[in-house]
Amino acid sequence: MISYFSRFPFVRILLGWMIGILLSGGFYWPLLALPCLFFPSRLLQSIGISALLIVFAMAWTSYLKPVIRPLPTDGFVFRVEGAVESKPKTWSVLARCLGVRSSESWLVRPALFRLYLSKQIGRPKEGNLYLVKQLIKPFAAPLFPFEKDWRDYYAAKGIGGTAYISADRIRLLEKGVEDIAFFDTARAFFVKILERVFEPGRDRDVAEAMLLGVKTKIDFETLSTYSALGAIHILSVSGLHVGLLYLGLSLLFGFLLKLRPAGPWLFFGLMLALLWCYAGISGFSLPVLRSAWMFSVILFAKTFLRRQESLNTLAFSAFVLLFIHPASLFDPGFQLSYLAVWGLIAFQQRWVKLISFRGWMRWPLTKIWELTCVALAAQVFTWPLIVYYFHQLPHPLSFLFLNPFLILFSSVALFLGFVTLSVGAFLPEWAFQPLAFLLSGSFQVLHGIMFAWVERVTSVIPFLHLARLELILYFASIAIVVWAPRQWKGLAFLWVILVLVPTDPVRPSAFLSQYKGEAIWIKTRGSSSIASLPVSLEPAWIQSHLSPLWANTGVKDTLIRRWPSSRNVQWRHQGMKFVYVREPTEARGQEHLILGKEIKYRDSDWLESWSGATWYFLKKPSPYWMGVLKPYLPNKYYFLEECPAIRL
């Protein structure tokens with residue numbers, strides 16, 4: 001057997017497959033290496049096999065790449081596909097379009113859309129067929145530089161556009177076959193058990209999210225606290241939850257492995273069924289699907305293979321997921337999940353052995369050190385991606401001292417939660433209440449520690465920036481330190497220094513945009529920024545749209561101001577005069593006019609004095625009023641709701 005298929009064959013296969021995905025759509029230059037297959041050298045044969053794998057991955061990825069078709073402009077028919085997600089005011093559904101209306105006729109045009117249905121419609125079921133009379137819009141372009149481009153994100157998934165559907169625009173044609181009614185019923189059953197345990201409030205909302213994947217009830221403050229402490233993964237059913245369930249079930253049914261010959265098969269079938277039932281109950285979300293598949297592979301290896309390599313098993317599970325859906329490679333959740341587990345495999349046990357404790361405190365200190373190593377090992381490969389995607393990191397104090405306790409108490413809460421959900425329905429009230437007391441108490445302790453810490457310690461370092469080249473250099477340096485020959489390890493430290501050397505970021509002067517018809521003005525100077533924002537602007541919007549801009553332009557300090565509720569506002573920038581008009585006023589030398597949504601255009605004579613200025617409409621007037629304004633329009637005018645933020 002050639003060296004290519006040695007101890008970790010799927011690590012090599014996965015690496016070649018990922019390179020092929022990255023190169024898809026380009027020239028098939030790896031074909032030049034295929035003749036290496038016919039040379040006797042094992043090294044050259046390995047190069048030829050890698051080239052063949054890369055070419056196949058390129059072709060397969062190009063074949064599976066979705067085609068975004070023209071969006072419907074009138075009516076269309078769609079079928080609900082996948083789980084329905086409940087939002088505060090809408091139902092979020094993945095809609096598979098079956099046909100569109102065009103010029104009084106119907107055309108078969110398959111497509112995928114992300115639709116938000118009014119809650120007046122009633123909860124849709126998977127498989128329901130609807131007729132809609134509505135325009136589908138493409139996903140909005142990024143407002144500010146460095147912001148996540150949701151158009152590319154959804155295009156990679158084959159989702160072409162989005163729309164809000166009101167109750168008067170939709171009609172149910174056919175009810176679907178409720179294939180997953182069992183999981184909906186089971187989830188509702190378990191929610192009722194949690195309602196017996198918790199009073200309404202934060203603890204119940206978090207428990208439903210952690211145990212059952214019901215995340216729509218959690219308030220923004222709680223989400224921000226978990227995110228700031230680097231514990232947001234606790235809230236969504238993912239590897240931690242499925243792993244703890246896998247461990248508990250292994251301890252419960254492990255005796256079956258000794259009952260040969262049928263015992264291992266029974267163990268494997270029972271464990272697999274329970275893992276995937278839990279995945280269904282928690283909504284078949286992408287993180288839980290990844291975790292369920294990963295632990296299914298581990299389960300098979302544990303049950304039927306005498307010898308297994310954890311890294312090889314992990315690589316096999318990733319390869320299968322990327323074979324089915326190559327675009328997952330660009331999903332931050334996929335990257336963070338597998339890199340966190342890879343870090344645990346590569347470093348956790350090594351670091352645990354570095355320190356040993358003695359004396360009567362040996363057991364608790366050893367467990368705390370093991371949990372600390374878990375937190376550190378999981379972050380070795382993930383912290384650069386967290387900075388790259390989210391531009392923030394937990395404060396070192398929070399990470400080093402608090403995270404081990406968060407892992408401990410969240411694991412205890414999850415364990416008690418799984419026990420309660422498993423046996424709670426069968427226990428009499430006198431036996432259920434002590435278990436409920438322990439479960440609710442575990443969440444109270446967890447949240448008590450978290451919120452007390454956040455109130456006293458700066459929990460997050462914001463506005464961090466890591467370029468793609470720096471990201472590559474970091475991973476290359478880690479690879480050299482761990483796997484390269486000793487004489488190469490000095491190069492890794494040089495690369496780490498290059499990563500840590502601050503770069504000179506691009507510093508924009510100012511941006512003008514809008515939010516629901518109100519002005520947004522962002523001005524930066526050096527490492528500080530002043531943001532003039534609407535009163536109604538939500539913190540989540542700021543984090544999503546403005547934090548990437550600040551992080552990538554070197555901003556460290558921000559001052560947020562709110563516009564006054566009604567009066568006009570004016571300011572100067574680089575010698576230019578701006579005025580934000582809510583009430584008609586004559587021009588007094590201002591060069592930029594920002595027209596608020598409150599402006600009425602019935603009496604437009606005052607606009608004649610502004611004919612030499614540049615206009616910015618926060619809300620686009622109707623075609624009729626645009627006709628009225630035509631005599632007054634300047635040479636330059638913009639509709640801010642139709643374009644990205646304007647750099648000034």
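For clarity, every value in this text was computed on a predicted model and none was experimentally measured. Note that the numbering runs from 1 along the sequence shown for the chain. Basis for what follows: all heavy atoms, side chains included, without hydrogens, waters or symmetry-related copies.
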S.K.: Going by an N to O cut-off under 4.0 Å, is there a salt bridge joining Glu126 and Arg79?
M.R.: no
S.K.: If you look only at pairs with a residue in residues 109-121, which of them pass as a salt bridge (charged side-chain N to carboxylate O under 4.0 Å, His left out), with sequence neighbours excluded?
M.R.: none
S.K.: Could you check whether any side-chain heavy atom of Val80 comes within less than 4.5 Å of a side-chain heavy atom of Lys125, counting everything from C-beta outward?
M.R.: no
S.K.: What pair of heavy atoms forms the shortest contact from Phe144 to Ile520, and how long is it?
M.R.: CZ-CG2, 4.2 Å
S.K.: Compare all side-chain heavy atoms of Ser24 with those of Trp60 and state whether any distance is below 4.5 angstrom.
M.R.: no
S.K.: Quick check: closest heavy atoms across Trp293 and Phe316, and the distance to 0.1 Å?
M.R.: CZ2-CE2, 4.2 Å
S.K.: Check whether the side chains of Glu518 and Gln514 place a donor and an acceptor atom closer than 3.5 Å, and report yes or no.
M.R.: no
S.K.: Are side-chain N/O atoms of Tyr338 and Ser317 paired as donor and acceptor at under 3.5 Å?
M.R.: yes
S.K.: State, yes or no, whether a side-chain contact exists between Thr90 and Leu117 at a heavy-atom distance under 4.5 Å.
M.R.: no
S.K.: Is a donor on one side and an acceptor on the other found under 3.5 Å between the side chain of Asn128 and the backbone of Pro124?
M.R.: no
S.K.: In terms of the angle between their ring planes, are Tyr616 and Tyr638 parallel, tilted or perpendicular, with boundaries placed at 30° and 60°?
M.R.: parallel
S.K.: Which heavy atom of Leu299 sits nearest a heavy atom of Leu272, and at what distance?
M.R.: CD2-N, 3.7 Å
S.K.: Go through Tyr116 and Trp91 one step at a time and tell me if the side-chain contact (heavy atoms from CB on, under 4.5 Å) criterion holds.
M.R.: CA-CA 5 Å; Tyr116 297 90; Trp91 304 110; over 6 Å; no
S.K.: Looking at side-chain heavy atoms only, is the closest gap between Phe415 and Val412 below 4.5 Å?
M.R.: no
S.K.: May I have all residue pairs that pass side-chain hydrogen bond (donor to acceptor under 3.5 Å, both in side chains) and include part of residues 134-147, sequence neighbours excluded?
M.R.: Glu147-His545
S.K.: Measuring from Leu71:CG to Leu135:CG, what's the distance to the nearest 0.5 Å?
M.R.: 8.0 Å
S.K.: What is the distance from atom CD of Gln335 to atom CG of Asp331, rounded to the nearest 0.5 Å?
M.R.: 7.5 Å
S.K.: Heavy-atom count around Arg123 CZ within 6.0 Å, excluding the residue itself: above 12?
M.R.: yes
S.K.: Verify the ring-centre separation between Tyr515 and Trp541: is it less than 6.0 angstrom?
M.R.: yes
S.K.: Heavy-atom count check: over 12 atoms from other residues, nucleotides or ligands less than 6.0 Å from Lys148 NZ?
M.R.: yes
S.K.: Starting from the C-alpha separation in whole Å, work towards a yes-or-no answer on side-chain contact (heavy atoms from CB on, under 4.5 Å) for Leu274 and Phe253.
M.R.: CA-CA 12 Å; Leu274 291 174; Phe253 300 116; 3.7 Å; yes
S.K.: Apply ring-ring contact (aromatic ring centres under 6.0 Å, His included) to Tyr63 and Phe56, showing your working.
M.R.: CA-CA 10 Å; Tyr63 173 74; Phe56 181 62; over 10 Å; no
S.K.: For Trp265 and Thr303, test the side chains for any donor-to-acceptor distance below 3.5 angstrom and give the result as yes or no.
M.R.: no
S.K.: Could you walk me through whether Met18 and Leu329 pass side-chain contact (heavy atoms from CB on, under 4.5 Å), step by step?
M.R.: CA-CA 7 Å; Met18 291 192 299; Leu329 181 62; 3.6 Å; yes
S.K.: Measure from NZ or CZ of Arg196 to the centre of the six-membered ring of Phe432, then state whether that distance is under 6.0 Å and the direction lies within 45° of the axis.
M.R.: yes
S.K.: Do Cys97 and Val77 make a side-chain contact, defined as non-hydrogen atoms from C-beta onward lying under 4.5 Å apart?
M.R.: no
S.K.: Any idea which heavy atoms bring Ser296 and Phe268 closest together, and the distance?
M.R.: O-CE1, 4.4 Å
S.K.: Please report the interatomic distance CG(Leu172) to CD1(Ile121), rounded to the nearest 0.5 Å.
M.R.: 10.0 Å
S.K.: Kindly give the heavy-atom pair with the smallest separation between Gly25 and Ser62, and that separation in Å.
M.R.: N-OG, 3.7 Å
S.K.: Please report the interatomic distance NZ(Lys133) to CZ(Arg171), rounded to the nearest 0.5 Å.
M.R.: 12.0 Å
S.K.: With ring centroids as reference points, do Phe639 and Phe617 lie under 6.0 angstrom apart?
M.R.: yes
S.K.: Report the relative orientation of the aromatic rings in Trp150 and Tyr153; use parallel for angles under 30°, tilted for 30 to 60°, perpendicular for over 60°.
M.R.: perpendicular
S.K.: Check this for me, if you would: do Lys620 and Glu642 make a salt bridge, where the nitrogen-to-carboxylate-oxygen distance has to be below 4.0 angstrom?
M.R.: yes
S.K.: Counting heavy atoms not belonging to Glu429, are there more than 12 under 6.0 Å from its CD?
M.R.: yes
S.K.: What's the verdict on side-chain contact (heavy atoms from CB on, under 4.5 Å) for Ser328 and Leu321, showing C-alpha distance, side-chain angles and the deciding distance?
M.R.: CA-CA 8 Å; Ser328 295; Leu321 289 178; 5.7 Å; no
S.K.: When you look at OH of Tyr389, are more than 12 heavy atoms from neighbouring residues, nucleotides or ligands closer to it than 6.0 Å?
M.R.: yes
S.K.: May I ask you to test the Val100-Asp74 pair for a side-chain heavy-atom distance under 4.5 Å?
M.R.: no
S.K.: With heavy-atom distances below 4.5 Å as the criterion, would you say the side chains of Phe319 and Leu322 are in contact?
M.R.: no
S.K.: What's the spacing between Ile21 CD1 and Thr61 OG1 if we round to 0.5 Å?
M.R.: 4.5 Å
S.K.: May I ask you to test the Phe113-Phe78 pair for a side-chain heavy-atom distance under 4.5 Å?
M.R.: no
S.K.: Nearest heavy-atom pair of Thr162 and Ile136: which atoms, and what distance?
M.R.: N-CG2, 3.8 Å
S.K.: Looking at OG of Ser513 and CG of Leu143, how far apart are the two atoms once the value is rounded to the nearest 0.5 Å?
M.R.: 4.5 Å
